[in-house]
Amino acid sequence: MQYDLFVIGTGLAGQDVATACAGEGWTVGIADRRAFGGTCPMRGCDPKKVLVRAAHMLDAAQRLEGHGLTGTGHACIDWQDLMAFKRTFTEPVPGGVEDKLDEAGIDYFHDGARFAGPRTLDVGGERVEAERILIATGAEPAALDVKGEEHFTYSDDFLKLEALPERLVFVGGGYISMEFAHLAARAGATEVTVLETSARVLQHFEAEAVEAVAAATDALGIEIRAERKVTALEEDAGALVVTAETNDGHAERYRADAVVHGAGRVPALGALNLDAAGVERTEDGLLDLDENLRSTSNAAVLAAGDAAQQGPPLTPVAHLDGRAVEKALLEEGEPPRYEGTPTAVFTTPRLAAVGLTEEAAREQGFDLEVESGNAAHFYTARHRRQEHAFYKVIAEQGSGRLLGAHLAYPEAHEVVNIFAQAMRHGLAVNDLKASVYTYPSASSSVQAMLP
C-alpha cells in the first residue's frame, strides 16, 4: 500500500496531523497497537481528572465540617461507582476516533507499525510505503532495572483498578505518584507511601511551592520517603515487599498490596526499529530532530508530542507539535513555541508553574524582582480552609518582564494561565497590575502576588 502520509499513533498529535493532511487531499494511513485515542483521553489526563475531581470535592466538603457544613464525616468515595463514571468518558473514545478517521477518509490499522526501510513500514505483517511518516507514539514508563519489576502496577493499570488496594507504595515522586497518592488516601487507602530517589518530590518545581504540597501530603497521612532507591519487588504471603536502599546503603522494606510505577516516562520508540529507517537518536536516546520536528537523518520522518519530547510532556504541547508538523508538511514551516507553557499537578493544594524557577533565572544571569510568601491568608485559601498555600512570582528587574510563576494554591491550575498568557504574549508586571479581575475569585489574588 502507498500513502502520502502514514502516522504511527492515534493520540492528539497524530490525529491533528492526519486529518489536516487528509483535508488537503493527501492519502493518509494511521496505525495504533492500542485502543484508538492516545494517552490523554484514554489512560491519562482525562480519566485522571474524573477521579481527582471526586477526591477534591470530598476534601472540600470535609474542610468545611463545623464551618457551615455538617455530616461530611460520613461522606466517602465509592471506588467502583467512580470507576464506572470514569468509563463513561473513556469507553466512547476509540469509536469516536474511528468515526473521525472514517469521515476524513483515512485508512486505519489496529496494529503496531515498525520500520522496514527509510519510507517503508511493516504494519501488522502488511508492507506499507509512505512519502512521509509521523512518529506520534507517545510515552511509556521508564525502565527501572528493578528485580521483580513484573509486579509493578503502571499508571494505566491504576486507572482501571476495580478495587482500591489498602496499602500502596508509589515509586518515584513526580506527577503520577503524587496525584495518585492524594487520590488513594482520600479514597480510603489505609497506608500510602511515596519513595523518591532525590532529596525531594516534584524536583522540577520551585522548592518552596513543593514544601507547601509536601506539608499537605503529610497532613493527609501520606508518608514521603526521600533518597530511597527501589531495588527489588517480591511476593510474600499475598502481599508485595518493596526493598529500597538509602543513601548510606541501608536497606528498608515496605509491605504493600500494590506498587505503582511513577518514576518517569520516556518516548515510546523501542518497538519502531528506527535503525532500519536510518533515524538517528541523541545521546539521551531521544529522536534527533530539527526545529520543525523533522528527523535530521531521514527527512521523510517527523515526530510530535511525547515521542518527540522537544517540549514538556503535556497534552497542550502535543497540539503545538501537531500544528508545527502540519505547517512543516503543508506550508513553509513554523517551529513550535514552548515558552509560556504552564503545567499543573492535581494534588490538594494544586501545584502549578510556568517559566523559570528563581534558581534557574539567577543562573541565567537575570536581575530579578521576586514576590513570594505564604498565601494561606488570601481569601481564596482561607474561605476553603486550605492552610497550605504558597506563591512566588519572578520578574526581570527594570523591564518588569515575567520570567516565572509558581503556585501551591486553590485553583492554581487555572490561575497560572494568567501568568502563562502574559509570558507568551509579552505582558509585563504592570500590565497585570492594571488589569481588572472578577472578585472574589482565585484569579483576583494575582495582583497581590506581583513584585
Peer 1: Measure the spacing between CG of L164 and CD1 of I77 and express it to the nearest 0.5 Å.
Peer 2: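 Spacing of CG (L164) from CD1 (I77) equals 9.0 Å.
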Peer 1: Holding to salt bridge (Lys or Arg N to Asp or Glu O under 4.0 Å), I want the full list of residues that pass it with E334, two or more places apart in sequence or in another chain.
Peer 2: K327
Peer 1: T217 vs V201, test: side chain to side chain contact (heavy atoms under 4.5 Å, CB included). Steps then yes/no.
Peer 2: CA-CA 11 Å; T217 303; V201 296; over 6 Å; no
Peer 1: At their closest point, which heavy atom of L402 faces which heavy atom of A422, and how far apart are they?
Peer 2: CD1-CB, 3.6 Å
Peer 1: With a 4.5 Å cut-off on side-chain heavy atoms, are M178 and L351 touching?
Peer 2: no
Peer 1: Between D306 and P313, which heavy-atom pair has the shortest distance, and what is it?
Peer 2: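 Residues D306 and P313, closest heavy atoms: OD1-CA, 3.4 Å.
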Peer 1: Is the side chain of T120 donor-acceptor paired with the backbone N or O of A116 at a distance under 3.5 Å, no angle test?
Peer 2: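 It does not hold such a pair.
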Peer 1: Who pairs with F109 by ring-ring contact (aromatic ring centres under 6.0 Å, His included), at least two apart in sequence or on another chain?
Peer 2: F6
Peer 1: Measuring only between side-chain heavy atoms, which start at C-beta, is R323 closer than 4.5 Å to D16?
Peer 2: no
Peer 1: For the residue pair P451 and V393, establish whether any side-chain heavy-atom pair is separated by less than 4.5 Å.
Peer 2: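 Heavy-atom side-chain distance check passes, below 4.5 Å.
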Peer 1: Supply the atom-to-atom distance L403 CG to M423 CE, rounded to the nearest 0.5 angstrom.
Peer 2: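 L403 CG to M423 CE: 6.5 Å, rounded to 0.5 Å.
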Peer 1: Test side chain to side chain contact (heavy atoms under 4.5 Å, CB included) on V345 and E179 and set out the steps.
Peer 2: CA-CA 7 Å; V345 183; E179 290 174 343; 3.8 Å; yes
Peer 1: May I have all residue pairs that pass ring pair (Phe, Tyr, Trp, His ring centres under 6.0 Å) and include part of residues 282-320, sequence neighbours excluded?
Peer 2: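 For residues 282-320: none.
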Peer 1: Residues in side chain to side chain donor-acceptor pair (under 3.5 Å) with S445, at least two apart?
Peer 2: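 Expected list: Y409.
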Peer 1: Is any side-chain heavy atom of P47 closer than 4.5 Å to one of K160?
Peer 2: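 Not touching, per the 4.5 Å side-chain cut-off.
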Peer 1: Output the distance between atom CG (L272) and atom CD1 (I8), rounded to the nearest 0.5 Å.
Peer 2: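 Answer for the CG-CD1 pair, L272 versus I8, is 5.5 Å.
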Peer 1: Is a side-chain N or O of D107 found less than 3.5 angstrom from the main chain of G29, in a donor-acceptor match?
Peer 2: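 Judged by distance alone, no pair lies under 3.5 Å.
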Peer 1: Would you please name every residue forming a ring-ring contact (aromatic ring centres under 6.0 Å, His included) with F36, sequence neighbours left out?
Peer 2: Y108, H110
Peer 1: Does the side chain of S155 come within less than 4.5 Å of F180's, by heavy atoms?
Peer 2: yes
Peer 1: With a sphere of 6.0 Å drawn around CZ of R33, does it hold more than 12 non-hydrogen atoms of other residues, nucleotides or ligands?
Peer 2: no
Peer 1: Mark yes or no for whether S435, through its side chain, and D431, through its backbone, hold a donor-acceptor pair below 3.5 Å.
Peer 2: yes
Peer 1: I'd like to know if the side chain of D32 and the backbone of T10 have a donor-acceptor N/O pair within less than 3.5 Å.
Peer 2: yes
Peer 1: Using the side chain to side chain contact (heavy atoms under 4.5 Å, CB included) definition, which of the options E206, E208, M449 pairs with H406?
Peer 2: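 Of E206, E208, M449, side chain to side chain contact (heavy atoms under 4.5 Å, CB included) with H406 is met by E206 alone.
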Peer 1: Quiz question: by atom type and distance under 3.5 Å, do the side chains of T246 and D248 form a donor-acceptor pair?
Peer 2: yes
Peer 1: With sequence neighbours left out, write down each residue that passes salt bridge (Lys or Arg N to Asp or Glu O under 4.0 Å) with R114, or none if nothing qualifies.
Peer 2: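 If we apply the salt bridge (Lys or Arg N to Asp or Glu O under 4.0 Å) test to R114, skipping adjacent residues, there are no hits.
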Peer 1: Pairs in or reaching into residues 253-274: which pass ring pair (Phe, Tyr, Trp, His ring centres under 6.0 Å), with residues at least two apart or in two chains?
Peer 2: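 Counting only pairs at least two positions apart or across chains, the ring pair (Phe, Tyr, Trp, His ring centres under 6.0 Å) contacts touching residues 253-274 are F152-H261, Y154-H261.
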Peer 1: For the pair E339 and R424, find out whether any cationic side-chain nitrogen is under 4.0 Å from an anionic carboxylate oxygen.
Peer 2: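 The answer is no: the pair does not qualify as a salt bridge.
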Peer 1: Out of E196, E223, E252, E245, which residue meets the salt bridge (charged side-chain N to carboxylate O under 4.0 Å, His left out) rule with R228?
Peer 2: E252
Peer 1: If we only count heavy atoms from C-beta on, is the W79 to L161 side-chain gap below 4.5 Å?
Peer 2: yes
Peer 1: Donor-acceptor pairs under 3.5 Å, side chain of residues 287-296 to any protein atom, not counting sequence neighbours: which ones?
Peer 2:
| from | atom 1 | to | atom 2 | distance (Å) |
| --- | --- | --- | --- | --- |
| D288 | OD2 | T296 | OG1 | 3.4 |
| D290 | OD1 | N292 | N | 2.9 |
| D290 | OD1 | L293 | N | 3.2 |
| D290 | OD1 | R294 | N | 3.0 |
| R294 | NH1 | A299 | O | 2.8 |
| S295 | OG | S297 | N | 3.2 |
| S295 | OG | S297 | OG | 3.3 |
| S295 | OG | N298 | N | 3.1 |
| T296 | OG1 | D288 | O | 3.3 |

Peer 1: Residues in ring-ring contact (aromatic ring centres under 6.0 Å, His included) with F85, at least two apart?
Peer 2: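 In terms of ring-ring contact (aromatic ring centres under 6.0 Å, His included), with neighbours along the sequence ignored, F85 is linked to F89.
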Peer 1: Can you confirm whether L159 sits close enough to T90 that some side-chain heavy atom of one is under 4.5 Å from a side-chain heavy atom of the other?
Peer 2: no
Peer 1: If you define the side chain from C-beta out and look only at heavy atoms, does anything of R253 sit under 4.5 Å from V242?
Peer 2: no
Peer 1: How long is the gap from NE2 on H182 to CZ on R350, to the nearest 0.5 Å?
Peer 2: 10.0 Å
Peer 1: Among residues at least two apart in sequence or on other chains, which ones pass salt bridge (Lys or Arg N to Asp or Glu O under 4.0 Å) with D102?
Peer 2: none
Peer 1: Thinking salt bridges, do R34 and D156 make one under a 4.0 Å N-O criterion?
Peer 2: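 The answer is yes: the pair qualifies as a salt bridge.
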Peer 1: Using atom types as modelled, flag every donor-acceptor pair under 3.5 Å from a side chain in residues 359-370 to any protein atom, sequence neighbours excluded.
Peer 2:
| from | atom 1 | to | atom 2 | distance (Å) |
| --- | --- | --- | --- | --- |
| R362 | NE | E358 | OE2 | 3.1 |
| R362 | NH2 | E358 | OE2 | 2.9 |

Peer 1: To the nearest 0.5 angstrom, please state how far the CG atom of L121 sits from the CD atom of E126.
Peer 2: 11.0 Å
Peer 1: May I ask you to check whether over 12 heavy atoms, not counting those of M1, lie within 6.0 Å of atom CE?
Peer 2: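 Yes.
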Peer 1: If I compare all heavy atoms of Q310 with all of Y338, which pair ends up nearest, and what's the gap?
Peer 2: CB-OH, 3.4 Å
Peer 1: Would you call E162 and R87 a salt bridge, using N to O less than 4.0 angstrom?
Peer 2: yes
Peer 1: Nearest heavy-atom pair of L202 and G174: which atoms, and what distance?
Peer 2: CD2-C, 3.7 Å
Peer 1: What closest approach, in Å, do I30 and A18 show between heavy atoms, and which atom pair accounts for it?
Peer 2: CD1-CB, 4.3 Å
Peer 1: Does V260 form a side chain to side chain contact (heavy atoms under 4.5 Å, CB included) with S177? I'd like the steps, not just the answer.
Peer 2: CA-CA 8 Å; V260 181; S177 290; 5.9 Å; no
Peer 1: At what distance, to the nearest 0.5 angstrom, does CG of D145 lie from OG1 of T231?
Peer 2: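 Here the rounded value is 10.5 Å.
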Peer 1: Please report the closest heavy-atom contact between T343 and L314, naming both atoms and the distance.
Peer 2: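 Smallest heavy-atom distance, with atoms named: OG1-CD2, 3.6 Å.
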Peer 1: Yes or no on side chain to side chain contact (heavy atoms under 4.5 Å, CB included) for I176 and K48, after CA distance, side-chain angles and deciding distance?
Peer 2: CA-CA 10 Å; I176 293 172; K48 176 195 72 178; over 6 Å; no
Peer 1: Got a sec, which residues hit ring-ring contact (aromatic ring centres under 6.0 Å, His included) with F115, two or more places apart in sequence or on another chain?
Peer 2: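 So F115 forms no ring-ring contact (aromatic ring centres under 6.0 Å, His included) with any residue.
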